[in-house]
Amino acid sequence: MSGGRCSIVWLRRDLRVEDNPALAAGVRAGAIVAVFIWAPEEEGLYYPGRVSRWWLKHSLAHLDAFLRTLGTSLVTKRSNDSISSLLEVVKSTGATQLFFNHLYDPISLVRDQRAKEVLTAQGVAVRSFNADLLYEPWEVHDGEGRPFTTFAAFWDRCLSMSYDPEAPLLPPKRIISADVSRCPSDTLVFEDESEKGSNALLARAWSPGWSNADKALTTFINGPLIEYSKNRRKADSATTSFLSPHLHFGEVSVRKVFHLVRMKQVLWANEGNKAGEESVNLFLGSIGLREYSRYMSFNHPQSHERPLLGHLKYFPWVVDESYFKIWRQGRTGYPLVDAGMRELWATGWLHDRIRVVVSSFFVKVLLLPWRWGMKYFWDTLLDADLESDALGWQYISGTLPDGRELDRIDNPQFEGYKFDPNGEYVRRWLPELARLPTEWIHHPWNAPESVLQAAGIELGSNYPLPIVEIDAAKARLQEALSQMWQHEAASRAAIENEMEEGLGDSSEYAPIAFPEDTQMETDHEPVRNNPVNTVTRRYEDQMVPSMTSSLVRVDDEETSVGLRNSAADDSRAEVPTNINVNVTEEPREPHGHDVMQTVRTINTFPQFNFAMGPRDSEDSTAESSSSSKRERDGGVVPVWSPSSSNYSEQFTGEDNGIGTSSSYLQRHPQSHQLVNWRRLSQTG
DNA sequence: AGCCACTTCTG
DNA sequence: AGAAGTGGC
């Protein structure tokens, strides 16, 4: 129990005891100090949102309680520099080893590599592990050792690797605690007073914590999984796995998910249950996308802020904050979009299909910069996940070679009848439309006046007219795209000229700044409590898939009403007058950290290069991937090196957005040129 | 066989 | 949105 020769187990987004390789290694090595460091400022722009912090708080409490039954407890530190905190823990406990599990977001990649260097230099033996993925990103590549750039190829490879993902580890039976008497915990504060009321209702629907995650997994696999393929297209079906927040915080191991699901697959295959097999494949596909998001983040660490196919750099975004606000508040006039945005706003949850609907509406119809939307998702989603969300937004923005086509606009009206054929979802979230017959529920603007009247709807008054008509949106998008191609061509020509003259690339990526946080924060939805035709429901009645209630700010009616006057002169806003009070309050934006920071970061972001070195190698020289090597426990780890490596070429091309040797774009000329050619031939 | 309408899929 | 597939006649 005394100091010395103990190990630090640094827990981050791996808040579980089962199948936690870092924890297992620590326990195997003797006494441990389990540490969680809360240093959200390190995340820059991506300071976790309110609901995400709520989850984390409960997940940590849950983990701590369990660790206590095993013989230790969780040491918590409040910090703005994780590495200094680690050094402190080393000093106060005499630890000689550090174990942690890999993360793949760009900030962690850099920080963890530095942690490794700094701690190693202090004589601490550092080892890191794969706990988040079936295969490490550097294990999966094509025949030439290059990373895949399309999902299908990536996932095929994953499913046909010569070795299976590691079998899950059992939880330790007992843990020997190191002496932490001189290493006091800090009290971590995850929510401020104003957030408590909003958070109170979350606990009715969700149970954070690793053992609850395990239960959720079991429930899903023994229940809804078999119906997954049938039900996945319903907007409000309660048959998704609901595992994503658990997975985000590593409360459950994907490897365990994978193995359990595979067992079902074998079972159903033997029974000849085609639907079951199909369901498994689809579900595994969504696990695969999560894997792929880490893979992409690792191989392209800037993919959360830069489009992977560089042409989008020239897209003339409509930088219109009032559009942004209308989208957030669910007042676009398209019922499916609005219902989704109200649900997100009220519950922090959205079915995957609806995420695609609202985000593609955001990009393709409103022409708003995708990173704003991504940031809003980050701030409001319970399962906000940088890698997954970046992949998702790039997918719908048309910047992946295998994503949605750039010029495709999905019509929310048709999608409405596809995902919500009976209008139940819309009626749940847009009570002002509740009395509209299904025939018109997804396109009220076409409904005869008599029908609208009977339903108590006055378009433009208590429910908005479409913010942009779809035909107009199509025209605007075409125009924007042809502008984009022209700029791109001009820029390409300019760069070629400069190259000839021996000048470097001068085109800097100029990201669009986020709206000021303060603006977003004071941006409360005005409530016009029009009693006429209001479907009065108490927030308790609100039904969400698996969520009975919403993130309602119960204490806020006064505030909202108080804002009524100031909102009245917002001429553009067609505010629904009889919307349910419980969804009228926009969630607070996260802490007022410096949003502009990202913008600066973009330009100062280090060039990432990942060389695959031998284990914990001192020499960070670039070395080609160790393809056939299969090592897990700290075996093959990414070594961050400022020098060039085989992976570096992947990014350097992207910096100017126009492929040089082997940039992403260059490897997918068809997706670029095809569209480009088509566009130009139509417009020119 | 050949045509059309309808469904489903597309990360 | 558009391709590809299915099934009816």
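These numbers come from a predicted model, not from an experiment. In the text below, chain A, chain B and the rest are named by the order of the sequence lines, each starting its count at 1. Basis for what follows: all heavy atoms, side chains included, without hydrogens, waters or symmetry-related copies.
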query = Applying salt bridge (Lys or Arg N to Asp or Glu O under 4.0 Å), which residue pairs with at least one partner in residues 410-426 of chain A are found, sequence neighbours left out?
reply = A:R404-A:D410, A:R408-A:D410

inquiry  = Which residues pass the side-chain contact (heavy atoms from CB on, under 4.5 Å) test with A:E469, not counting sequence neighbours?
reply    = A:A472

request  = Identify whether any heavy atom of A:G392 sits under 4.0 Å from a base atom; if not, whether one sits that close to sugar-phosphate; answer base, sugar-phosphate or nothing.
outcome  = base

key: Listed partners of A:W393 passing ring pair (Phe, Tyr, Trp, His ring centres under 6.0 Å), at least two apart   = A:F362, A:F377

message = Taking any heavy-atom pair under 4.0 Å as a contact, classify A:K474: base, sugar-phosphate, or nothing.
response = sugar-phosphate

inquiry  = Checking A:N446 now: which residues fulfil side-chain hydrogen bond (donor to acceptor under 3.5 Å, both in side chains) with it, not counting sequence neighbours?
reply    = A:H443

request  = Measure from CZ on A:F361 to P on C:dA1 and round the result to the nearest Å.
outcome  = 14 Å

message = Can you confirm if the NZ or CZ of A:R294 lies within 45° of the ring axis of A:Y292 and under 6.0 Å from the centre of its six-membered ring?
response = no

key: Non-neighbouring partners of A:E278 that pass salt bridge (charged side-chain N to carboxylate O under 4.0 Å, His left out), sequence neighbours left out   = none

task = Using the heavy-atom set of chain A and a strict 4.0 Å cut-off, write down the first and last nucleotide of DNA chain B that makes it in, 5' to 3'.
result = B:dC9 to B:dG11

message = Using a 4.0 Å heavy-atom cut-off, does A:Y395 contact any base of the nucleic acid, only the sugar-phosphate backbone, or nothing at all?
response = base

query = Looking for any heavy atom pair under 4.0 Å, which part of the strands does A:I409 touch: base, sugar-phosphate only, or nothing?
reply = sugar-phosphate

